[in-house]
Amino acid sequence: MIDRTNLLWYRDAVYYELHVKSFYDSNNDGIGDFNGLREKLDYLKGLGIDCVWLLPFYKSPMRDDGYDISDYYSIQPEYGTIQDFRKFLDEAHDMGIRVIADLVLNHVSDQHPWFQEAIKSRDSPYHDWFVWSDTDQKYKGVRIIFIDTEKSNWTWEPNTQQYYWHRFYSHQPDLNYDNPAVREEIKNVVRFWLRMGLDGFRCDAVPYLFEREGTSCENLPETHQYFKELRRMIDEEFPGCILLAEANQWPTEAKQYFGNGDEFHMAFNFPLMPRIFIALARENAFPIEDIIKQTLPIPENCDWMIFLRNHDELTLEMVTDEERDIMFSEYAKIPRMRLNLGIRRRLAPLVDNDRATLELLHAMLLTLPGNPILYYGDEINMGDNIYLGDRNGVRTPMQWSADRNAGFSKCDPEMLYSPVITNPNYHYETFNVEAQSRLQTSFLNWLKRIIRVRKRYSLVLGRGEIEFLHGGNERVLAYLRKYGEQRMLCLFNLSKKPTYLQLDLKEYRGYTPVETISQEPFPPIGELPYFFTLPGRAYFWFELQQTQGGAQ
Ligand SMILES: OC[C@H]1O[C@H](O[C@H]2O[C@H](CO)[C@@H](O)[C@H](O)[C@H]2O)[C@H](O)[C@@H](O)[C@@H]1O
Ligand SMILES: [Ca+2]
């Protein structure tokens, strides 16, 4: 059962992102569905997941995998019925798992009846639900996000003889938030799903709601104002439900989505994510320390959501040109691996499936400030398929077993919504839940163990402050997490080579560093610098325990 009295649950949770379509197919039509997802709740529970984020499951022509909604109030028929959804939600709640869903509020599909009405004539009551112009020269200079596909943010509509505005694909017209009817209708959508029991929303593409001449049309005060209104409504009508911002921005702008603790509860830490990979490529801790310092402090009742990968390309929109070059040369050696300003690869292939690196990355994810979110399949080191087009290569069916279709579906393989991964280095016959569950030393079992450890220390890791330590070795990222009397010392060797570190820990003289996974005590801390050795890409999580009888 979920504890509805705990209004701060989101600050101590481990999250998991999945696509209903990709998780498990219960009726063998080749497409995952809510009944299938319900069958796999045990698996999520066993992994240690507290909250699931569902990609858009609403009715859609699926030209952007559901981010092009044609009816906010119904479910894509292949995924099941509203009853199936409710059954899934109730069972998730019974098992103590919360569920949040995507709220795509910046735009709709061009097939949405609102847009279909809007293009009938300039006098249509829905015309003003979208953003129109007689010229494509308005809002000049505003960046294009899907640069590989779109040449302009305006598209000509022959019927009304006007251009309409879209920040994403041209088949995704932006809603006009200057129209009060639009603002009110989106609130109704929110109410509809929260009344059904959903625990909150991951709000898609939040910076782009309003447009103003002479600006970048991003992060405008009106946009913040609208989300503050939405937050107020949620606090009043649905206490305990959360709003999570997808605002892919530089730190100063990203932080603004927390307001004064009165806007979003959480926001993805987009600034941090690429810098973790840059730090690895450079074998240097600075990019992580520097960005963490830039993204803190934030209001007490807010938290970052931290992630390594998601369903999109690994976005490099908010890095310098030099940083982007490092990322492309290290992680996208084949041109096909790039998409827009990013890299369309899953986590394991990004790091050549190197087990030590994958453990290191997750050990950071679970101890850096914020709440961790895993992307489905990364827990079994799933591979990708860069030849599938757009971002489909990182959205292939979840791999459950070595059976036909990776155990995802019993349909004929040709019916699958996407081929499964059969590249020999990532073949589903090896990289699947069943095989990895049976192998004690598998990555999956390692991850389950380390999530359990994180949960033992969820207060200090979820809410504690961070202090970076420097031991004269820039290859090692070292920090203390502090909460009340609790102290966690975390060390990460970003280099492939073994290395050492001397830390001045005399403030903790008499404390004993206890390695948290094995519970093995190390020698007590004294006056002299404490010496650590770390194999290549190794990490340590220590709890600093006060020695019985106090300081020595
Ligand atoms: O609904 C349109 C898109 O919205 C999200 O997009 C985000 O992903 C982009 C990269 O694919 C990113 O560059 C942009 O800053 C984000 O807003 C959503 O996650 C996408 O899947 C979707 O296509
Ligand atoms: Ca199905």
Side-chain angles (χ1 to χ4, degrees), residues 17 19-40 53-58 60 62-69 75-81 84 101-110 143-150 153 166-175 202-209 216 218-219 244-250 253-254 257 267-268 270-271 273-274 307 309-319 324 338-344 373 375 390-395 397-398 405 408-411 415-417:
E17 174 193 356
H19 206 341
V20 177
K21 174 181 93 170
S22 313
F23 213 54
Y24 187 60
D25 175 17
S26 72
N27 62 350
N28 303 320
D29 63 354
I31 303 169
D33 42 61
F34 276 110
N35 286 333
L37 177 55
R38 186 162 50 82
E39 283 182 48
K40 295 298 182 186
W53 155 31
L54 303 176
L55 294 190
F57 51 76
Y58 319 96
S60 160
M62 290 287 164
R63 293 182 66 192
D64 185 11
D65 216 1
Y67 283 93
D68 47 332
I69 294 174
I75 289 181
Q76 180 70 357
E78 292 85 0
Y79 300 168
T81 61
D84 297 339
D102 245 288
L103 178 70
V104 188
L105 73 170
N106 176 67
H107 47 267
V108 293
S109 159
D110 60 2
R143 73 185 171 114
I144 294 167
I145 296 167
F146 288 165
I147 49 169
D148 287 358
T149 323
E150 302 299 335
N153 288 319
H166 53 86
R167 289 307 297 270
F168 294 93
Y169 287 123
S170 57
H171 59 76
Q172 291 166 314
D174 275 36
L175 286 165
R202 174 263 192 194
C203 300
D204 183 58
V206 302
Y208 317 110
L209 297 200
S216 65
E218 297 186 15
N219 316 312
L244 160 65
E246 191 229 14
N248 184 1
Q249 296 291 321
W250 292 93
E253 285 74 28
Y257 285 93
F268 286 104
F270 275 99
M273 182 275 296
F307 64 106
R309 285 296 293 113
N310 65 17
H311 65 291
D312 287 326
E313 70 273 29
L314 190 168
T315 157
L316 299 172
E317 288 155 272
M318 300 296 153
V319 298
R324 195 175 303 117
R338 300 183 190 183
L339 180 72
N340 301 318
L341 276 185
I343 303 174
R344 52 170 148 195
I373 182 156
Y375 181 49
D390 204 342
R391 292 145 291 176
N392 297 326
V394 301
R395 302 175 185 180
M398 177 65 177
N405 305 326
F408 163 76
S409 170
K410 292 197 178 63
C411 69
M415 286 172 70
L416 286 178
Y417 76 86

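When a ligand or atom number is given, it counts from 1 through the structure's own listing order. This one's a predicted model, so the numbers in the text were calculated from it and none came from an experiment.
Checked by atom type, the side-chain pair Asn248/Glu317 shows a donor-acceptor distance below 3.5 Å.
Between the side chain of Asp33 and the backbone N or O of Ser26, at least one donor-acceptor pair lies under 3.5 Å. Here the side chain of Asn35 pairs no donor or acceptor atom with the backbone of Gly80 at under 3.5 angstrom. In this structure, Asp148 contributes its side chain and Asn340 its backbone to a donor-acceptor pair below 3.5 Å. Checking side-chain atoms of Asp390 against main-chain N and O of Asn392 turns up no donor-acceptor pair under 3.5 Å. Counting only distance, with no hydrogens or angles, the side chain of Tyr375 and the backbone of Val394 share a donor-acceptor pair below 3.5 Å.
How far CG of Asn153 is from CG of Asp174: 8.0 Å, rounded to the nearest 0.5 Å. Note that the OG atom of Ser60 and the OH atom of Tyr79 stand 7.5 Å from one another [nearest 0.5 Å].
Looking from atom 18 (C) of ligand 1 to the surrounding protein, the closest heavy atom is Asp204 OD1, 3.2 Å. Scanning the protein heavy atoms around atom 12 (C) of ligand 1, the nearest turns out to be Glu317 OE1, 3.4 Å. Of the protein's non-hydrogen atoms, Glu313 OE1, 2.7 Å is the one closest to atom 11 (O) of ligand 1. The protein atom (non-hydrogen) at minimum distance from atom 23 (O) of ligand 1 is Asp64 OD2, 2.6 Å. Here the protein heavy atom with the shortest distance to atom 15 (O) of ligand 1 is Asn248 ND2, 3.3 Å. Summary of contacts: the protein heavy atom closest to atom 21 (O) of ligand 1 is Asp312 OD1, 2.7 Å.
With a cut-off of 3.0 Å, the Ca ion (ligand 2) has an N, O or S atom of Ile31 in range. For the Ca ion (ligand 2), the set of nearby N, O or S atoms under 3.0 Å includes none belonging to Asn35. Among the atoms of Glu78, none of the N, O or S atoms falls under 3.0 Å from the Ca ion (ligand 2).
Inter-residue side-chain proximity for Tyr417 and Asp25 is flagged as unmet; no heavy-atom pair is nearer than 4.5 Å. A 4.5 Å side-chain heavy-atom check between Pro274 and Thr315 finds every atom pair outside the cut-off.
Using a 4.0 Å cut-off between heavy atoms, Tyr169 makes no contact with ligand 1 at all. Contact annotation: for Ile145 versus ligand 1, heavy atoms closer than 4.0 Å belong to the side chain alone. The part of Tyr208 lying near ligand 1 is the side chain, judged by heavy-atom distances below 4.0 Å.
Remark: ligand 1 and His107 share an N or O pair separated by less than 3.5 Å (distance only, no angle test). Where the criterion is an N or O separation shorter than 3.5 Å, residue side chain and backbone included, Thr315 fails it with respect to ligand 1.
Remark: ligand 1 atoms within the under-4.0 Å shell around heavy atoms of Arg391 are 11 (O), 20 (C), 21 (O), 22 (C), 23 (O).
Counting just the N/O/S atoms of Asp33, the one with the shortest distance to the Ca ion (ligand 2) is named OD2. Take the N/O/S atoms of Asp25: the one nearest the Ca ion (ligand 2) is OD1. Its N, O or S atom nearest to the Ca ion (ligand 2) is what matters here, and for Asp29 that atom is OD1.
The pair Asp65-Arg391 fails the salt-bridge criterion, with no side-chain N (NZ, NE, NH1 or NH2) lying under 4.0 Å from an Asp/Glu carboxylate O. Arg143 and Glu218 are joined by a salt bridge, as a carboxylate oxygen and a charged side-chain nitrogen come within less than 4.0 angstrom of each other.
Looking at Glu246, Arg202, Arg395 and measuring to atom 7 (C) of ligand 1, the nearest heavy atom belongs to Glu246.
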